[in-house]
Each structure stands twice: as C-alpha cells, then as structure tokens.
Amino acid sequence: MHNQMITPDFFKQETLELAKSLLGMELVHETAEGTTAGMIVEVEAYRGPLDKAAHSYGGKMTERTRAMFGPPGHAYVYFIYGMHYCMNVVSAEEGAPEAVLIRALQPVSGIRLMGKRRGLDLPENSDIQEIPRRTLQRLTAGPARLCQAMGIDKKQYGLPLNRPPLYLRHYRDPIPKDRIASGPRINIDYAEEAKEYPWRFWIKDNPFVSK
DNA sequence: GGGACGATCGAT
DNA sequence: TCGATCGTCCCC
C-alpha cells in the first residue's frame, strides 16, 4: 500500500466514498522548482446539479466548470476572491459534475519549497523539527494555502491525477472509519438546505485540518 | 459594457 | 469582524 500509484478504477467510486478514500492519500506535484507532497487530511464533496453549494448547481456548465463535467480523476482548479486558487478531484462519471475539494494537507516532503512559495524562509529539511507547529500548519491548512504551497494554479486545470506531474498515490494504510469525522461544509452560507449536508470529511485530531 | 459576488486568507 | 482583489457570471 505504501507509496503505490492508484489503479485506473480508483476514481469510479461514489463521490462521498471517494472523498473519504482520499483522506490519508498523498498529493504530489513535481515541478521544475522541485517536488512537494502532502497527506490529504480534510476534504469536501460537491455533488452536481442538485447541490446548491456546488459550482455545477443546476447542471450549468461554463468555461470555468467544464472540468467538473469531464471524466473523473482530473483536477478542477478555480480562482476565487481575486487572489486564491483551490483544487478539486473530479469524481463521478463523465457528464455528472461532481468533485471533491481538497481542504488541507499534512506536509510530507518539499517543505522548504512550500515555505518559499508561501513567502517564508524556512530552515533546511534536516532541521524541520525546529519549525514552530503553527508555521507548519499555515503552510497547507486551507484550500488556497495548500494550492500556493504546492504550486497549483490554473496551469494545472484539467490535469489527470494518476501520473506526474500532479498525482495521487497511496501513502499509508486506509484511514479507519472510526478515525474519520464529518460535518457541514465551510463558507457556503448561500447554499440554503445544502448548507447543512455533512459532506466535509477530515481525519480526527489531525492538527493540519483547516478548522 | 457593467455590476455583483465569491468552496479564502490574514490582519485587527 | 473586515478588507483585499479580480476572474467569472449574468444581465443590460
């Protein structure tokens, strides 16, 4: 299980199952600057036409949301608040616009590069223990923070996530069900009844969860 | 062409 | 709690 690439069928899970399966997996980005990787610790599911919180609510496809309507296992990256990027894993079959937002990572490798991208000057990786915990948390706790740390923006829009440069791989044994928590999604006050759907999932007690 | 808004973050 | 900051969406 350790550091194994995913199989072609991995993304053919129902979206809520895929969301939970992503917890504990590693997201890796290989770039000219170097490679960064983090373990996924928090996600949110967005489920197509009937989910008022989803960009694809009502089934409307725009230039921005096109990737959500494509085959699963690709990156849906969007720009928000005039300055941030967030990344989703597209789920469900082609034509069904569902996706899983990656909300937080626990840094695994390339931590110094993550810091550089986030505007910090961190010590060498060999001295990683010296970095204050809160500094490390601010690196990748939050959907926009992790994209900045991982070097993910519109250039990665639509990329397949089963091979370099941007990909998922198994990192450790699956997270046991009783170690996964769920609750309402964040910052979707406009979403009426969907506001309460418990489609946010995270690893219990993990310090890198965004909230 | 123009107005309103947002799956966030960081400072206050 | 609030301001930053601008692409995206939708209406005119």
Side-chain angles (χ1 to χ4, degrees), chain A residues 15-16 18-20 22-23 27 38 40-70 72 74-92 96-107 114-122 131-159 161 166 181-203 207-211:
Chain A
T15 298
L16 297 184
L18 178 66
K20 287 178 273 189
L22 288 171
L23 295 175
L27 178 66
I40 297 171
V41 301
E42 181 188 359
V43 298
E44 284 177 356
Y46 288 86
R47 302 180 67 193
L50 299 179
D51 178 5
K52 286 182 179 165
H55 292 160
S56 52
Y57 174 60
K60 68 167 190 285
M61 183 170 72
T62 65
E63 205 49 43
R64 176 180 65 148
T65 61
R66 183 176 305 279
M68 280 189 84
F69 290 78
H74 292 248
Y76 165 48
V77 181
Y78 65 89
F79 183 69
I80 190 74
Y81 295 115
M83 61 187 101
H84 303 299
Y85 293 94
C86 296
M87 180 196 153
N88 292 251
V89 177
V90 174
S91 63
E98 308 192 11
V100 179
L101 173 69
I102 309 298
R103 282 198 59 89
L105 301 174
Q106 174 171 324
M114 289 182 179
K116 180 186 169 196
R117 286 171 172 153
R118 292 270 302 140
L120 303 175
D121 187 22
L122 300 180
I131 302 173
R133 188 220 285 261
R134 66 181 176 282
T135 299
L136 222 41
Q137 288 171 194
R138 278 198 289 260
L139 235 35
T140 53
R145 287 173 178 157
L146 74 88
C147 278
Q148 187 179 17
M150 295 286 289
I152 295 168
D153 59 25
K154 269 301 178 60
K155 292 189 294 296
Q156 282 70 43
Y157 186 94
L159 287 184
L161 297 173
L166 181 63
S182 66
R185 295 167 291 178
I186 307 292
N187 287 339
I188 54 162
D189 287 349
Y190 55 86
E192 303 177 14
E193 80 279 356
K195 192 169 87 165
E196 304 304 326
Y197 297 169
W199 291 352
R200 170 176 173 247
F201 303 97
W202 65 95
I203 299 177
F208 295 90
V209 169
S210 68
K211 197 182 170 205

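Sequence lines set the chain letters: A, B, ... in the order given, protein chains first and strands last, and positions in each chain run from 1.
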Polar side chain donor-acceptor pair, R118(A) to Q148(A), under 3.5 angstrom
yes
Are there more than 12 heavy atoms of other residues, nucleotides or ligands under 6.0 Å from atom NZ of K211(A)?
no
Donor-acceptor pair, distance only, cut-off 3.5 Å: does the side chain of R117(A) make one with the backbone of M150(A)?
yes
For a 4.0 angstrom threshold against heavy atoms of chain A, report the outermost contacting nucleotides of DNA chain B in 5' to 3' order.
dG6(B) to dG10(B)
Output the rounded distance in Å from NZ (K154(A)) to C1' (dC6(C)).
12 Å
Does the structure show a Watson-Crick or G-U wobble partner for dG7(C), both distances under 3.5 Å? Name it, or say none.
dC5(B)
With heavy-atom distances below 4.5 Å as the criterion, would you say the side chains of S56(A) and Y46(A) are in contact?
no
Could you tell me whether the side chain of H55(A) reaches within less than 4.5 Å of the side chain of M68(A), counting heavy atoms only?
yes
Close residues, residues 45-66 of chain A, relative to DNA chain B [heavy-atom separation under 4.0 Å]:
Y46(A), A53(A), H55(A)
Are side-chain heavy atoms of L27(A) and V89(A) found at a separation under 4.5 Å?
no
Give R118(A) one of three labels, base, sugar-phosphate or nothing, depending on what nucleic acid heavy atoms sit under 4.0 Å from its own.
sugar-phosphate
Over all atoms of both residues, closest heavy-atom pair of L136(A) and P107(A)
O-CG, 4.2 Å
For R103(A), answer base if it contacts any base atom (sugar-phosphate contacts may also be present), sugar-phosphate if it contacts only those atoms, and nothing otherwise; contact means non-hydrogen atoms under 4.0 Å.
sugar-phosphate
Under 4.0 Å between any heavy atoms, over every strand shown, what does Y81(A) touch: base, sugar-phosphate, or nothing? Just pick one.
base
Answer yes or no: is there an ion pair linking E44(A) with R185(A), defined by an N-O contact shorter than 4.0 Å?
no
